[in-house]
Amino acid sequence: MCEKIKDWFKGRGFGPHWFKLLIADSVMAVMAGGVAYIFNHGLSDGAAHFLTVCQVLSIHLLCYIVCFLLFRTCNSFMYKPVSNFCRVVSALVTATVMIFLLNAYSAIKIMQVFDFRDIILQTLFTGVGLSFMRELVKLHYDLYGRRASSNGAYGLSDISLLNMEMSELLQRPPIEVDMEAIHREMHGKRIMVTGAGGSIGSELVRMLAGYGPEMLILIDQAETSLYDMRMLMDREYPSVPYMSVVTDICHRHRMERIFDRFRPEIIFHAAAYKHVPMMEDNPVESVLNNVDGTVKLADLAVRYGAGKFVMISTDKAVNPANVMGCSKRICEIYCQSLARSIGSCGSCQFITTRFGNVLGSNGSVVPIFREQIRRGGPVTVTHPDIIRYFMLIPEACALVLEAATLGHGGEIFAFDMGEPVRISDLAKRMIAISRRRDIKIEYIGLRPGEKLFEEVLMSDETVQPTSHDKIKIAKVREYDFAEVSLQVTKLIETARTYDKDKTVGMMESIVPEFMHKQNR
């Protein structure tokens, strides 16, 4: 019977974790009141006034519950111990003041059964009890919960863990954008998002859906990810018209039919192969997907009169040391030179946004480290001195939308991502958050194409400020579109022969600063 009760309490059917903790805290406050009364007046007095004491404690309980809810003492206590301690203290002090006021001014005569000493002692006992109980819960999940629960550390879902980790790991104020300007730009428009099932693409879709577009056209070749977006749209944005299309952006005839049917006014191009080690092993695919897909989309955007084409790039395109970064730099060059060639007479404005790593994206270090911690370690870091720039997925997408409103065509917007983060420090913070003292960090060496640090600007680039202090315009070298188009066409044709060495060699000729490690 005890096991059944315990399983019922631990299970989701009993309610969320904060609700369980609220019940436990409430029981603790009542027990502390009873112990305080007996401590001051003796067991025989407590037994003689048992019913009266219970009535008074029920009133005390209401005060405590109000204060627990008001100060949110039952939320996030396992990974924010200091702030939770402050909330608990604030709740206890407020509840004590409420009880004193009820004792002094209420018409409830039985309240006087508890005197000043009883109330103070009840507060102290409650505080000690709550602290002890929280330590027991942490210990339980340290020793049992993380291993036994499929939901991971402390029994929390991945989304809850992600929200916790993001706020703890990125120690800077959140980035803000001009929501009204973005709303004016996006409201009532037909908007296409490629890579709509990915980390960046799916967040863009969520944000765009909130601005009341005429229609969203969601493109992705990953069926499962796109299906998840369909479910999200149906559930959270039922009034927003959308069309989800499973296809490869490199299928020109298919994409042309989509453009012809929907006539998108704004295009957010987030579809790309992005994993550096994978593209080092498959450089041909990086060209056939990243470069060829971008070229076809950009050409279709011009042909079908799109108003804006916003390409998601990366800081790895700056002085690229890997194939993925070089492929994105070629995409930047093509879009910028195309924008320059059509000039002011063209209807389509090509805008490139360049930023670093986003915390929590698919395949990024946070999910990898989290899974390694769940398995008991070790946490693998490539180099003790490796650093990266990070921002949250919603922050990156908000800046992309802001850049879309600021751009007039041909700009490469570089985002100010704050101070870089040492990956080994990030791993240590995640281990500390998990409260796993047995987890070790193992350094495994830099991977092919990986740099110790990433740049957002090349050494010979300068920046021009914008109205947003976190968005700068990179003043980059300009290219002739006819020459670029010829080079890129030859690159794609070479990639279709699946000659890896020739493909990489042509990438180096287009981007001279790219020196592939295998060709050095």
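Sequential numbering from 1 along the given sequence is applied to the chain's residues.
For the residue pair D220 / Y227, no side-chain donor-acceptor distance below 3.5 Å is found, with atom types taken as modelled. A donor-acceptor contact under 3.5 angstrom links the side chains of R230 and S244, judged on distance only.
Contact annotation: the side chain of I351 never approaches that of M311 to less than 4.5 Å [non-hydrogen atoms, C-beta and beyond]. Counting heavy atoms from C-beta on, the side chains of V276 and M278 never come closer than 4.5 Å. The side-chain heavy atoms of T382 and I423, taken from C-beta on, include no pair separated by under 4.5 Å. When side chains are defined from C-beta on, M186 counts as touching I266, because their heavy atoms get closer than 4.5 Å. Annotation: side chain of T73 is not in contact with side chain of L22 (no heavy-atom distance under 4.5 Å). The shortest distance between side-chain heavy atoms of V93 and S90 does not fall below 4.5 Å. With a 4.5 Å cut-off on side-chain heavy atoms, V287 and M507 count as touching.
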**Prompt:** Going through the checks in order, is the side chain to side chain contact (heavy atoms under 4.5 Å, CB included) test met by Y334 and I330?
**Reply:** CA-CA 6 Å; Y334 188 86; I330 294 171; 5.5 Å; no
**Request:** Evaluate salt bridge (charged side-chain N to carboxylate O under 4.0 Å, His left out) for K500 paired with D281, printing each intermediate quantity in order.
**Result:** CA-CA 9 Å; K500 177 178 176 179; D281 296 335; 5.6 Å; no
**Prompt:** Can you list the steps and then say if V66 with T94 is a side chain to side chain contact (heavy atoms under 4.5 Å, CB included)?
**Reply:** CA-CA 10 Å; V66 169; T94 305; over 6 Å; no
**Request:** Check the pair T380 / Q372 against side chain to side chain donor-acceptor pair (under 3.5 Å), numbers first and verdict last.
**Result:** CA-CA 8 Å; T380 56; Q372 290 175 337; 2.7 Å; yes
**Request:** Decide yes or no on side chain to side chain contact (heavy atoms under 4.5 Å, CB included) for T503 and L491, but give the supporting numbers first.
**Result:** CA-CA 6 Å; T503 300; L491 171 64; 4.1 Å; yes
**Item:** Test log, rule side chain to side chain contact (heavy atoms under 4.5 Å, CB included), inputs T314 and M324
**Value:** CA-CA 9 Å; T314 170; M324 192 283 286; 4.3 Å; yes
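We find that D385 and R422 are joined by a salt bridge, their nearest charged nitrogen and carboxylate oxygen being less than 4.0 Å apart. A salt bridge is defined here as a Lys NZ or Arg NE, NH1 or NH2 lying under 4.0 Å from an Asp or Glu carboxylate O, and K308 with E185 meets this definition. A salt bridge does not link K296 with D248: every distance from a Lys NZ or Arg NE/NH1/NH2 to an Asp or Glu carboxylate oxygen is 4.0 Å or more.
A donor-acceptor distance shorter than 3.5 angstrom exists from the side chain of T405 to the backbone of E402, with no hydrogens or angles considered. Side-chain atoms of T352 do not come within 3.5 Å of backbone N or O of F413 as any donor-acceptor pair. Between the side chain of T294 and the main chain of C331, no donor-acceptor pair closer than 3.5 Å is present. Judged purely by atom type and a 3.5 angstrom limit, K316 has no side-chain atom pairing as donor or acceptor with the backbone of R329. Side-chain atoms of E513 do not come within 3.5 Å of backbone N or O of P320 as any donor-acceptor pair. Using a distance-only test at 3.5 Å, with no hydrogens or angles considered, a donor-acceptor pair links the side chain of N290 to the main chain of Y273. Of the possible donor and acceptor atoms, none in the side chain of N289 sits under 3.5 Å from a partner among the backbone N and O of E285. Under a 3.5 Å cut-off, the side chain of S313 and the backbone N or O of T353 do not form any donor-acceptor pair.
Smallest separation of non-hydrogen atoms from A271 and G195: CB-N, 3.5 Å. Considering all non-hydrogen atoms of both residues, V240 and A209 come closest at CG2-O, 3.5 Å. Taking both residues in full, the closest heavy atoms of L130 and V88 are given as CD1-CG1, 4.0 Å, listed atom of the first, atom of the second, then distance. Counting all heavy atoms, side chain and backbone alike, C397 lies closest to I200 at SG-O, 3.5 Å. Among all heavy-atom pairs drawn from L338 and A298, the shortest one is CD2-CB, 3.9 Å. For the pair M229 and G197, the tightest heavy-atom approach, listed with the atom from each and the gap, is CG-CA, 4.1 Å.
Between I393 atom CD1 and R206 atom CZ the span is 8.5 Å, to the nearest 0.5 Å. A distance of 13.0 Å separates CG in L208 from CE in M192, rounded to the nearest 0.5 Å. The structure places CD of E332 at 10.0 Å from OH of Y479, a figure rounded to the nearest 0.5 Å. Here the straight-line distance linking atom CG of L226 with atom CE of M231 works out to 10.0 Å at 0.5 Å rounding. Summarising the geometry, atom CZ belonging to F369 is positioned 8.5 Å from atom CD1 belonging to I431; distances are rounded to the nearest 0.5 Å. Atom CG of residue L218 and atom CD1 of residue I191 lie 10.5 Å apart, to the nearest 0.5 angstrom.
Using a 30° and 60° split on the angle between ring planes, F309 and H269 fall in the tilted class, from 30° to 60°.
For Y443, the OH atom sits in a packed shell: over 12 heavy atoms of surrounding residues, nucleotides or ligands are nearer than 6.0 Å. In this structure, E371 places its CD atom where more than 12 heavy-atom neighbours from other residues, nucleotides or ligands lie under 6.0 Å away.
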